[in-house]
Amino acid sequence: MVNRTVEDEKLETMRHSASHIMAEAVQSIFPGAKFAIGPAIENGFYYDFDLPRPLTPDDLPVIEAKMGEIIASNTPFIREEITREEARQLFAAQPYKLELINELPENEKLSVYRQGSFLDLCRGPHVKASGEVKAFKLINIAGAYWRGDEHQPMLQRIYGVAFDTREALEEHLARLEEAKNRDHRKLGRELEIFIFDDEVGPGLPLWLPNGGAMIEEIERLAKDVEFEHGYVRVKTPHLAKEDLFKHSGHLPYYAESMYPPMELEGVRYYIKPMNCPLHHKIFASKTRSYRDLPLRIAEYGTCYRYEKSGELLGLLRVRSMQMNDSHIYCSEKQFDQEFVGVISLYLEYFKIFGIKEYYMRLSTHHPNGLGKKYVNNPELWLKTEAMVRQAMNNHNVPYYEVADEAAFYGPKIDVQIKSAIGKEFTLATNQVDFAQAERCDLKFVNEKGEEERPLIIHRAPLGTHERFVGFLLEHYAGAFPVWLAPVQVTIIPVADRHLEYAGRLESDLRSRDIRVKIDARSERMNPKIRQAQLEKVPYMVVIGDKEVEAGTVSVRLRSGEQLPPQSSDAFIETVSRIIASRSQDLK
RNA sequence: GCCAGCGUAGCUCAGUGGUAGAGCAGCGGUUUCGUAAACCGCUGGUCAAGAGUUCGACUCUCUUCGCUGGCUCCA
């Protein structure tokens with residue numbers, strides 16, 4: 001995490017004050033408004049209101065104009081300290097404020113800030129006067145539950161951004177605009193990676209041939225790397241009987257996210273939301289000895305989860321997904337090494353993809369969720385959480401800790417990334433499971449001939465194909481390394497008479513498993529180059545009279561760089577080498 | 001799921017109550033061209049779906065579906 005500077009603090013204070021100014025503006029426009037909270041956030045601020053009518057985007061310029069007046073008047077912010085009782089009287093008509101007041105410690109002095117006609121319960125600090133807010137813009141309105149709880153009333157939130165100069169604000173707005181060009185939904189359509197179809201259903205992507213090529217490559221990578229790390233691969237069905245998911249604990253802990261069951265001949269079947277119960281069956285298919293452990297069972301398993309409609313987001317949040325899944329069954333003694341082995345596997349993958357901007361999060365349980373979202377075994381929660389902490393510390397892997405984010409069966413290390421539009425996602429995960437072995441009656445025979453429960457590590461370093469490709473689209477802005485690029489080489493014949501030579505080159509490349517296509521349109525060379533550039537194809541090979549005569553190829557890289565004339569064999573060797581090494585370079 | 005907004009051709013978008021438009025893409029033709037957009041022509045839409053108001057609805061109202069931005073939730 002970055003150290004906060006004096007400038008950061010000043011900016012945060014200014015943003016917080018901007019939210020108060022917005023609240024004052026809203027108060028003057030909507031006299032009956034009730035106020036909830038209005039903090040500073042990254043790049044700006046928001047305030048939650050309970051208003052007599054819903055806001056529309058047309059309201060924002062009106063509120064902005066009013067804020068402009070308040071800022072121009074340079075009204076001072078005045079801090080007052082009052083007792084809880086005084087606060088109750090001052091905010092008698094403000095139910096949300098009263099709720100907050102009642103939760104503050106009984107004897108503590110409360111502070112309020114007044115600017116103009118607006119008074120707010122607030123710890124502060126604030127700017128001296130409203131004129132210190134220099135550059136702001138209201139950017140959107142949203143619904144937000146009071147206290148972030150879906151059982152509480154929904155309030156109306158207005159988001160704004162604020163900076164200390166007009167230039168900084170403009171830059172920020174330009175960055176937001178730029179980010180839209182990196183959005184995987186836009187790139188995915190332009191590069192023909194995937195589509196959604198209304199008749200197929202929300203959250204159910206269709207992979208186009210270009211996307212298909214990519215997931216084949218990612219899967220090949222996983223198989224290569226995981227083979228080296230001692231994983232064995234299995235295949236399991238997409239659905240199973242209800243009893244299986246009862247034993248595993250998915251019913252009821254995970255039922256909300258599962259597609260409803262289908263019933264045939266009196267038996268209920270569920271489509272699997274995770275692969276674990278089926279892998280556990282494979283573990284349990286014979287008597288396991290301590291000599292079999294650790295057993296690492298891997299599968300690119302297809303799962304379906306009924307995510308709520310409003311939670312779907314392109315490929316980053318879908319309802320059908322293929323997971324880079326594996327379950328590692330090990331003894332408690334082996335845990336440390338296995339857990340960290342998975343972490344180093346992450347790092348190995350991330351190096352290949354040049355993934356640098358991520359952070360690891362230890363997600364732990366919260367006692368309030370025991371028996372609801374978490375299996376009810378407080379001692380084991382604490383024990384396994386400590387084991388994970390120790391494994392991470394022993395190997396000096398930096399992480400931060402967040403409560404109430406665990407899986408229902410145990411704590412986990414999640415790898416968090418940010419999407420182009422700033423949303424945070426878990427890209428990869430490494431989870432400890434102390435619950436399912438018991439529930440599914442998994443055991444092995446230890447050195448002493450006694451039965452023992454294995455610990456289970458659930459891990460998915462490459463997450464799901466859906467989220468991973470979505471992430472890669474944004475990460476590379478569509479310009480994939482050669483081994484991943486859906487089309488690796490586009491051959492561009494200058495005129496029809498060069499088609500034959502181009503065709504021979506095409507079959508030579510294809511015989512070396514290089515994904516190649518010829519642009520045989522009756523177009524000039526320029527538009528063909530342009531087309532290949534737009535498709536972000538790494539290599540463009542121009543074939544004209546010169547090449548045919550000399551028996552060479554003329555190679556243009558996606559970067560715009562032109563390679564010296566070379567034989568087609570030399571070119572094929574270069575491309576094959578780059579692909580085999582999964583390098584991010586083009587030459 | 002909740003709040004708000006949006007849905008017009010494959011894509012990007014005009015079109016405010018009087019018989020649906022552009023650019024790109026696609027198709028046909030001319031052109032055979034040297035490193036990011038040649039020229040001419042053509043095709044293409046139940047204006048998301050359904051109901052209502054109206055002499056008349058892409059346009060107004062309601063319902064449903066989908067998408068977008070948030071909230072909640074998550075690989």
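No hydrogens, no waters, no symmetry mates; every other heavy atom, side chains included, goes into these values. A note on names: the letters A, B, ... follow the listed sequences, proteins ahead of strands, and every chain is numbered from 1.
- In this structure Asn368(A) satisfies the side chain to side chain contact (heavy atoms under 4.5 Å, CB included) test together with His366(A), sequence neighbours excluded.
- Within the 4.0 angstrom heavy-atom criterion, base atoms lie near Arg305(A).
- At the heavy-atom level, Lys180(A) lies nowhere under 4.0 Å from the strands shown.
- Residue-level contact check: Gln156(A) touches neither bases nor backbone, having no heavy atom under 4.0 Å from any strand.
- Note on Gly560(A): nothing from the nucleic acid sits closer than 4.0 angstrom, heavy atoms only.
- Residue-level contact check: Leu155(A) touches neither bases nor backbone, having no heavy atom under 4.0 Å from any strand.
- If you check every strand for non-hydrogen atoms under 4.0 Å, Ser257(A) touches nothing.
- Among the heavy atoms of the strands, none lies under 4.0 Å from Lys528(A).
- Residue contacts for Lys186(A): at a heavy-atom cut-off of 4.0 Å it reaches no nucleic acid atom on any strand shown.
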message: Test salt bridge (charged side-chain N to carboxylate O under 4.0 Å, His left out) on Arg147(A) and Asp149(A); report intermediate values, then the result.
response: CA-CA 5 Å; Arg147(A) 324 209 90 174; Asp149(A) 181 343; over 6 Å; no

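- Nucleic acid contact for Leu534(A): base, since at least one base atom lies under 4.0 Å from a heavy atom of the residue.
- Within the nucleic acid shown, Gln416(A) has no heavy atom closer than 4.0 Å to any nucleic acid atom.
- Residue-level contact check: Phe196(A) touches neither bases nor backbone, having no heavy atom under 4.0 Å from any strand.
- Residue contacts for Glu190(A): at a heavy-atom cut-off of 4.0 Å it reaches no nucleic acid atom on any strand shown.
- Counting non-hydrogen atoms of neighbouring residues, nucleotides and ligands closer than 6.0 angstrom, the CD atom of Gln152(A) exceeds 12 such neighbours.
- Heavy atoms of Arg459(A) sit nowhere under 4.0 angstrom from any nucleic acid atom.
- Residue-level contact check: Asp496(A) touches the bases, meaning some heavy atom is under 4.0 Å from a base atom.
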